Amino acid sequence: MPHLNLHDSRSRKIVPFVPLDPGNVRVYFCGPTVYDLAHIGNLRAMVTADILVRVLRHLYPRVTYVRNITDVDDKINARARENGEPIDALTARTIRDFHEDLAAIGMLPPDVEPRATHHIGEMLDMIGRLIAGGHAYEAQGHVLFAVDSFAAYGALSGRSPDDLLAGARVEIAPYKREAGDFVLWKPSEPDLPGWESPWGRGRPGWHIECSAMSHRYLGESFDIHGGGSDLLFPHHENELAQSQCCFPHGRFANHWLHNAMLLVDGEKMSKSLGNFLTVRDVLRDTPAEALRLLLLHAQYRSVLNFTRAGLAEAKQTLDRFYRALGDVPADMQGPLPEPVLAALCDDLNTPRVLAEMHALADRALAGDTGAATGLRVAGRMIGVLQQTPDDWFRAGADVDSAAIDALIADRLAARKARDFARADAIRAELAERGIVLEDSAAGTTWRRA
RNA sequence: GGUCCGGUGGCAGAAUGGUGAUGCAGCGGACUGCAAAUCCGCGAAUGUGGGUUCGAUUCCCGCCCGGACCUCCA
């Protein structure tokens with residue numbers, strides 16, 4: 001069995017993955033801040049985590065996958081006010097929508113999905129310990145982490161504290177001792193969510209929740225922490241600092257995994273550019289597996305440019321794979337083809353997985369049922385090819401299949417009578433409705449265009 | 001301005017110190033009443049200038065271009 005090698009953001013190298021406890025691999029990924037529908041950039045991070053966890057589950061008997069939900073945040077407060085709705089209603093609805101969207105894309109649920117607001121006690125406990133240890137201080141109702149109390153601050157993201165100061169483009173709050181100090185706890189206005197604390201009624205800063213929840217569910221040291229590359233600094237740097245200062249005997253995350261950003265039509269996705277796409281926007285006219293496959297078409301550390309043409313190509317690739325599957329049932333069991341596993345173990349090289357799947361499809365189309373089974377198993381491994389070919393080719397066709405069968409019978413009669421004008425008219429009529437007819441030795445079948 | 005990542009055929013996208021996968025698109029052919037699918041074949045790439053080396057796309061340096069981040073916030 002090949003060994004799993006993963007890129008580690010801290011060392012910026014691909015290194016062998018060695019679990020702390022092979023009997024229970026522990027993984028934490030930063031989940032969503034729930035104030036709006038998931039967009040396709042969010043989705044890329046979720047798919048990266050999903051593939052990683054699938055590979056880990058294949059290699060190890062038990063994996064504990066924790067993905068948090070940030071449900072206390074200034075963006076949430078602002079959105080709730082904008083919408084004129086209670087914060088609880090906004091977060092509950094957004095979480096429900098998020099779960100629906102991820103399920104549609106074939107994402108395995110995390111084992112634990114902790115919410116920040118359910119772990120305020122753990123956060124307060126950590127903050128108290130940080131103050132006691134001289135790593136945090138209170139100033140004007142805020143509690144701040146003192147970055148100069150952690151010698152390794154900046155090591156994860158590869159920045160020196162001097163670099164950080166040089167480029168600071170945000171006004172430094174006057175109560176900070178050092179410009180790099182960040183908020184652990186801050187006062188909350190009466191109309192905003194808040195919890196009583198030794199420092200007054202307040203709410204947590206952004207980073208402390210992940211430190212508190214990962215500790216609660218995974219311990220002082222765990223295997224992998226991941227998220228989008230935009231989280232590397234400051235979010236993960238700060239999490240690491242807090243956690244290591246609070247639990248000096250732990251290593252926090254042993255291994256850091258970050259996925260590159262997604263662009264839309266070559267540009268950063270933003271509402272002002274008009275290229276902001278939610279998962280739902282895409283799924284309105286695209287099969288979910290096509291969206292998933294598109295995200296797997298690039299290795300997770302490469303910037304991925306999302307385009308409609310790319311989406312169409314992903315759909316076409318799945319057409320080919322579904323043809324190659326033939327009669328192999330969706331739940332067919334078999335060994336995962338070795339080249340596929342080798343590609344996954346090579347830093348989750350999903351493009352190479354797809355190349356291997358094309359090779360399997362070639363053999364399957366040539367009549368090799370073992371290869372067709374291998375394709376099924378490989379597809380299941382990466383969360384695609386979960387349907388029957390009929391379902392894939394006919395889903396979304398807004399038609400009455402009995403009527404189509406009748407037209408196919410009419411056309412067959414016309415062809416027998418060598419009335420090709422009539423036969424072609426039927427083909428054209430169905431084409432108008434988005435139906436493609438395919439003649440073969442075995443008869444005529446139809447699919448959606 | 002600072003730190004980091006990247007630039008491979010028309011497009012997407014792997015890999016590699018020794019003749020550069022895979023898919024899409026294109027072209028030619030087989031098959032087909034037509035079409036689709038499938039099959040066979042063809043053309044097509046390492047941003048740029050140096051350096052190291054017998055040999056560089058791969059390693060090093062400069063330049064150009066693109067991207068992420070630069071601390072609670074857009």
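By convention in this document, chain letters (A, B, ...) are assigned in the order of the sequence lines, proteins followed by strands, and residues within each chain are numbered from 1. All figures in this text were calculated on a predicted structure; none of them were measured in a lab.
Salt bridge R433(A)/D400(A): absent, no basic N to carboxylate O contact under 4.0 Å. Residues D148(A) and R177(A) are not paired through a salt bridge, judged by the lack of any N-O separation under 4.0 Å between the basic side chain and the carboxylate.
Checked against R203(A) for a side chain to side chain contact (heavy atoms under 4.5 Å, CB included), the options I120(A), V183(A), N77(A) give a single hit: N77(A).
Using bins of under 30°, 30° to 60° and over 60° for the plane-to-plane angle, the ring pair F145(A)/F182(A) lands in the parallel bin.
Checked by distance alone, D74(A) brings no side-chain donor or acceptor within 3.5 Å of a matching partner on the base of rC73(B). A donor-acceptor contact under 3.5 angstrom links the side-chain atoms of R411(A) to the base of rG33(B).
What separates CG of D230(A) from P of rU3(B) is a distance of 21 Å, to the nearest Å. Here rA37(B) presents its P atom at 13 Å from CG of L437(A), a figure rounded to the nearest Å. Counting to the nearest Å, the C1' atom of rU38(B) and the CZ atom of F393(A) are 12 Å from each other.
A donor-acceptor pair under 3.5 Å is formed between the side chain of R380(A) and the backbone N or O of M332(A).
Annotation: rG23(B) and rC42(B) have their P atoms spaced 14 Å apart (nearest Å).
Secondary structure note: stems in RNA chain B built from 3 or more consecutive Watson-Crick or G-U wobble pairs under 3.5 Å occupy B:1-7 with B:64-70, B:10-12 with B:22-24, B:26-30 with B:38-42, B:47-51 with B:59-63.
Within residues 416-427 of chain A, the residues that have a heavy atom under 4.0 Å from RNA chain B are, in order of number, F420(A), D424(A), R427(A).
For W206(A), the side chain to side chain contact (heavy atoms under 4.5 Å, CB included) criterion is met by E209(A), L231(A), H235(A), not counting sequence neighbours.
By the neighbour-count criterion of 12 heavy atoms within 6.0 Å, atom CG of D327(A) is sparsely surrounded, having that number or fewer from other residues, nucleotides or ligands.
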